[in-house]
Amino acid sequence: MYKGKYPNVAYLCMEYGLESDFKIYAGGLGILAGDYLKGAKDLNVPIIGIGIKWKQGYSDQRIDERGKAYDSYYNNAYSDLEDTGMKVTVKIRKRDVVCKVWKTEQYENNPIYLLDTDIPENDGDDRWITGQLYGWFKEERIAQEIVLGIGGIKLLRELEIPIDVYHFNEGHAVLAAFELIKEKMESGCTFEEAWKRTREEIVFTTHTPIVQGNESHTIEALEYMGAFNGLTRKQIIRIGGEPFNMTVAALRLSRKSNAVSKLHSVTSNKMWKTTSGRSEIIGITNAIHVPTWVDKRILNVEKDSDKLWEAHMEIKKETVSFIKDRTGSQLDSDKLLIGFSRRAATYKRSDLIFKDKNIIEPLLKDGKIQIAFSGKAHPLDDTGKQIVQNLVEMMNKYPNAVVFLENYDMNIGSALTRGCDIWLNNPRRPLEASGTSGMKAAMNGVLNCSILDGWWPEACVDGVNGWQFGDGFESDNIEELDRHDLEALYDVLINKIIPTYYNNKEKWIEMMMKSIATTKESFSVNRMIREYYEKLYIK
Ligand SMILES: *Cc1c(COP(=O)(O)O)cnc(C)c1O
C-alpha cells in the first residue's frame with residue numbers, strides 16, 4: 001500500500017463497541033468504530049480514538065411478562081481503563097465543566113481517549129453529561145457534543161499529539177471543528193481563512209440515509225449552551241443552516257466525506273444535493289474486524305466441504321444451547337435456523353416475515369423453519385417497541401420455532417452471526433446504509449438472504465453465495481413496497497432456501513464456501529482502512 005509517512009489520524013465518535021460488556025456502544029455505529037480501531041492496531045497505522053466514558057452507556061432492554069420492552073440503566077463497571085491523570089475544561093451553559101481523561105489500555109499504539117464529567121469538581125447536573133448514551137435530547141445532547149468535540153480537541157493539545165486528519169464518524173463530533181477554527185483565529189487568521197484551513201484537516205463519515213435521522217439543533221439552544229465557541233450567530237448559520245443541521249455542518253467543514261456503501265453514496269449525494277459548499281461524498285463500504293467476528297474453526301476449514309459442515313454444526317449446536325440458556329426454548333439443530341438481530345427501527349421491518357399468517361404459520365408449525373430474533377428499540381421509540389412486542393407474541397405462540405433474545409449486545413450478535421444457517425435482512429430499500437451483521441454472517445458461512453440494500457449489492461451473486469430478494473425494487477408507496485418485498489421473501493424462502501437446505505446439502509455447503517471466499521477480503525476492516533488512507537486521509 002502507501003509508501004510515504006502515514007498521516008496521524010484522530011477519530012472522533014460518540015460510541016465504541018470494543019467488548020460486549022464494555023457498554024459504551026449502542027449499535028452499528030459503535031461496532032464499526034470499535035472494529036476500525038482494532039484494525040488500525042493490526043495494521044499498525046497511526047490512528048487514535050476519542051470518545052466518551054459513559055457512566056451507564058445505552059439502555060438494558062428486557063421484556064416484561066406482558067411481552068413489552070422496558071429499559072433500565074446500570075452503572076458501567078470498568079476494569080481496564082488507565083487514568084491518564086489529565087483533565088480538560090470546557091464551557092457549557094457558561095459554567096466550567098471539567099472532563100477527566102481515561103485511556104483504553106489494550107490497544108497499545110491505538111488508544112481511545114475517553115472523556116468523563118462524573119467527577120467531584122463538577123456540579124451534580126454536569127456530572128450526568130456523560131451519563132447515558134443517546135439517552136437525552138436537545139440541550140443535554142449538545143452538552144455531550146461539546147464534551148466530545150471541543151473537549152476532544154483540547155485533550156489532543158494537552159497530550160501534545162500531533163494530528164494531520166480529524167475524522168468525524170457521524171455528525172456528533174462536529175463542534176470539534178469550532179475549536180479548530182477558534183485556535184486559528186486566535187493565532188491571527190480571519191474566520192474565512194480559519195474555516196478554509198480547518199476544512200483541509202477534516203474528513204467525515206455520514207451514516208444516516210433518513211433526513212429526519214440527521215440531528216439538528218436550534219441556533220438559540222446552541223448559543224445558550226455555549227456551543228458557538230467564540231463564533232458569531234451568522235457564522236454558525238453559514239456553517240450549519242437554521243436550524244443547525246449537524247450533517248450539513250460536517251459536510252461543509254470537511255474536505256471530503258464518505259458514505260458507508262456504494263449504494264449509500266448515491267442516496268447521500270441525492271439527499272444533500274441542494275446543500276451548497278459541501279464536500280464530495282464518496283462511497284467507502286463498511287467492514288468488520290475478522291478476528292472479532294469470525295469463528296477460527298470456520299477459517300481453518302473453509303476450503304474443505306465436509307469439515308466446513310462439521311464445524312458449522314458444532315457452532316450451530318453451541319448457538320442453540322446459548323439460545324436455550326437465554327430463553328428456555330430448545331431449538332432443533334437439524335432444522336433450518338434463520339437469524340435476524342438488529343435494532344427494532346421501523347424501516348428494518350423485523351416482523352415482516354410474519355405479515356401473512358396463512359403462509360408463515362404452516363412453516364412454523366411443521367418445524368420447517370426456526371427463527372431467532374434479537375434487537376433493541378430506541379428507549380423512546382414506541383413503534384419500535386411495538387415491533388418487539390409482535391416478535392415476542394410470535395415466540396409465545398410458536399415456542400419451538402420462534403425465539404426472541406432480549407437485550408441485544410455483542411455477545412448475542414456474535415452467537416447468532418456464527419451459528420444460524422440463514423441471515424435475514426429486509427429493510428425498506430435504500431434505507432439500510434450498510435449493515436455489517438450480514439458481513440459477520442457471510443464470513444462464518446451463514447448465508448445471507450437479503451434485500452439488495454447497503455453492502456449486499458456489492459457482494460451478492462444470487463443463488464451462488466447467498467440470495468437476494470426484491471430485485472432492488474423501490475417505491476414511495478410504503479404499502480406497495482412492503483407487499484412486493486413480502487411476496488419476494490416468501491418466494492425465495494419457499495422455492496429456494498427450504499428445498500436447498502433439506503434436499504441439496506451439497507449445494508448448500510458449496511454456497512457456504514462461496515459466501516466465505518467472496519467476502520473475507522473485501523469486507524475485512526483492513527480493506528476499509530486502506531481505502532480510508534487512499535481516498536480520504538492522504539491528500
Ligand atoms: C454487528 C452489530 C451491529 C450492526 O449490524 P447491522 O447489520 O448494521 O444491524 C449492531 N449491533 C451489534 C450488537 C452488532 O454485533
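We count residues from 1, following the sequence as given. All values below come from the heavy atoms of this structure, side chains included, with hydrogens, waters and symmetry mates left out. Read the numbers this way: they start at 1 and go in the same order the structure lists the ligands and their atoms.
A ring-centre distance under 6.0 Å is found for H167 and Y532. Proximity of the aromatic rings of F373 and F340 is defined here by a centroid distance below 6.0 angstrom, and this criterion is met.
Side-chain N or O atoms of Q144 include none that pairs as donor or acceptor with a backbone N or O of T130 at under 3.5 Å.
A salt bridge between R530 and E534 is absent, with no side-chain N of the basic residue lying under 4.0 Å from a carboxylate O of the acidic one. Salt-bridge check for D60 with R62: passed, with a basic side-chain N closer than 4.0 Å to an acidic carboxylate O.
Residues of the protein with a heavy atom under 4.0 Å from ligand 1 are G27, G28, I31, W293, R342, K348, Y408, D409, M410, G435, T436, S437, K440, listed by chain and number.
Y398 pairs by the ring pair (Phe, Tyr, Trp, His ring centres under 6.0 Å) definition with nothing, not counting sequence neighbours.
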